[in-house]
Amino acid sequence: MKLLVLGGTKFLGRHLVGAALDRGHEVILFNRGRTGPELFPDLEHVLGDRDGGLTPLQGRSFDGVIDTSGYVPRVVRQSAEVLAGLAGFYAFISTISVYPDGTAAGYDESAPTLELDDPESENIAADYGALKAACERIVEEAFPQRCLNVRAGLIVGPHDPTGRFTYWVTRVARGGLVLAPAPASAPVQLIDARDLAAWTVEMVGRSEAGVFNATGPAEPLTFGRLLEACAEATGNRATVTWVDPDFLLARDVEPWSELPLWLPGEAGMLQAGIGKALDRGLRFRPLEQTAHDTREWAEGLPEAPGEAGMARGREAELLGAWRKAS
């Protein structure tokens, strides 16, 4: 299969390319050449900007396209309309964030998705989920019955630029008293980028069209079990202190960013129904393996990836205040 990857050199993209190559596919990369230009030196790199610079793709043909870098409907429309006559199948990497806050736990792909208040918005920070939902609809218009919309959950593993999951792996590995948001039974969902990449490439190879929630694991995961897996993978039995959410919120602790994977009051966001993807072969490596590989990768970096996570001094201060309060 001849695959065009839009992006392909950042996090999930590089894992998608690796999965395609492992399966013997021919891969062509289209991007601006700004991120990881040294990656995949043996592949064809077509340089261009998908926002108005798609001319280098004209006259080409592809069995499938995987779009890892679409965020703005106007730009996705350009790519999809050009490629509609050049490619047989289009896979768009979307997000679980297309669902509104407050969506009931266990929701499936039929649940309502966000709409843009301002159809002209290109504010990714403010309208991320609604923009992605609009991009999905554009892909479906350009590739009716021959597109795959992958609504990915939190993507983790080696080369993750956000540092969200990596924070917990490295923090537990460091040992000592670890501050975590109570309760330990809170639900968590995530997916190793390598598992998501392998499944996506297989779906494209079979031309499996449709919309799929793609996160994991297959069985419910709690925050407590997540931290246990991190400890088992790193060989360190850190002591976790579960701190009341109201105490943290009263001290302006930022959910998701300062304490990654914590979404107080929004448990449904981390309880997506994934039965449809499981039926189509989505599988997961052990969480301990993801944690081990993530730590191994992170240890080779000059500094911590991303901005997610709590500073050591801030954590120590909060733990001290919690001990006094309780």
Extract all donor-acceptor atom pairs below 3.5 Å that involve side chains of residues 239-248 and protein atoms in other chains or at least two apart in sequence.
{"residue": "Asp244", "atom": "OD2", "partner": "Asp246", "partner atom": "N", "Å": "2.9"}
{"residue": "Asp244", "atom": "OD2", "partner": "Phe247", "partner atom": "N", "Å": "3.3"}

Non-hydrogen atoms of [X] and [Y] that approach each other most closely:
{"X": "Pro73", "Y": "Ala134", "answer": "CG-CB, 3.6 Å"}
{"X": "Ser121", "Y": "Leu131", "answer": "O-CD2, 3.2 Å"}
{"X": "Leu57", "Y": "Leu86", "answer": "O-CD1, 3.4 Å"}
{"X": "Met310", "Y": "Leu318", "answer": "CE-CD1, 3.6 Å"}

What ring-ring contact (aromatic ring centres under 6.0 Å, His included) pairs are there with at least one residue in [range], not counting sequence neighbours?
{"range": "residues 120-140", "result": "none"}
{"range": "residues 183-215", "result": "Trp199-Phe212"}
{"range": "residues 46-100", "result": "Tyr90-Phe143, Tyr99-Tyr107"}
{"range": "residues 4-60", "result": "His15-His159"}

Minimum side-chain heavy-atom gap Glu140-Asn149 below 4.5 Å: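 Result yes, sub-4.5 Å side-chain heavy-atom pair found.
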Side-chain heavy-atom pair Ile66, Leu4 within 4.5 angstrom cut-off: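 No, too far: nothing below the 4.5 Å cut-off.
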Sequence neighbours excluded, every pair satisfying side-chain hydrogen bond (donor to acceptor under 3.5 Å, both in side chains) that has a member inside residues 29-40: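 Counting only pairs at least two positions apart or across chains, no side-chain hydrogen bond (donor to acceptor under 3.5 Å, both in side chains) contact touches residues 29-40.
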Sequence-distant partners of Asn236, side chain to side chain contact (heavy atoms under 4.5 Å, CB included), two or more places apart: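 If we apply the side chain to side chain contact (heavy atoms under 4.5 Å, CB included) test to Asn236, skipping adjacent residues, the hits are Thr234, Ala238.
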Which salt bridge (charged side-chain N to carboxylate O under 4.0 Å, His left out) pairs, counting each pair once, include a residue from [range], with sequence neighbours left out?
{"range": "residues 79-97", "answer": "Arg77-Glu81"}
{"range": "residues 211-225", "answer": "Arg225-Glu228, Arg225-Glu232, Arg225-Glu288"}
{"range": "residues 106-118", "answer": "Glu115-Arg137"}
{"range": "residues 5-25", "answer": "Arg23-Glu202"}

Steps toward side-chain contact (heavy atoms from CB on, under 4.5 Å) verdict (Leu196, Leu12): CA-CA 8 Å; Leu196 180 59; Leu12 177 60; 3.9 Å; yes
Leu47 with Leu29, same ILVMFWY side-chain cluster at under 4.5 Å: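 No, Leu47 and Leu29 fall in different hydrophobic clusters.
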Pair Arg50-Ser79, side-chain donor/acceptor within less than 3.5 Å: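 Per modelled atom types, Arg50 and Ser79 side chains form a pair under 3.5 Å.
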Let me have the donor-acceptor pairs involving side chains of residues 183-192, under 3.5 Å, with sequence neighbours excluded, atom names and distances please.
{"residue": "Gln189", "atom": "OE1", "partner": "Gln271", "partner atom": "N", "Å": "3.2"}
{"residue": "Gln189", "atom": "OE1", "partner": "Ala272", "partner atom": "N", "Å": "2.7"}
{"residue": "Gln189", "atom": "NE2", "partner": "Ala272", "partner atom": "O", "Å": "3.1"}
{"residue": "Asp192", "atom": "OD1", "partner": "Arg194", "partner atom": "N", "Å": "2.8"}
{"residue": "Asp192", "atom": "OD1", "partner": "Arg194", "partner atom": "NE", "Å": "2.9"}
{"residue": "Asp192", "atom": "OD2", "partner": "Arg194", "partner atom": "NH2", "Å": "2.8"}
{"residue": "Asp192", "atom": "OD2", "partner": "Thr290", "partner atom": "OG1", "Å": "2.7"}

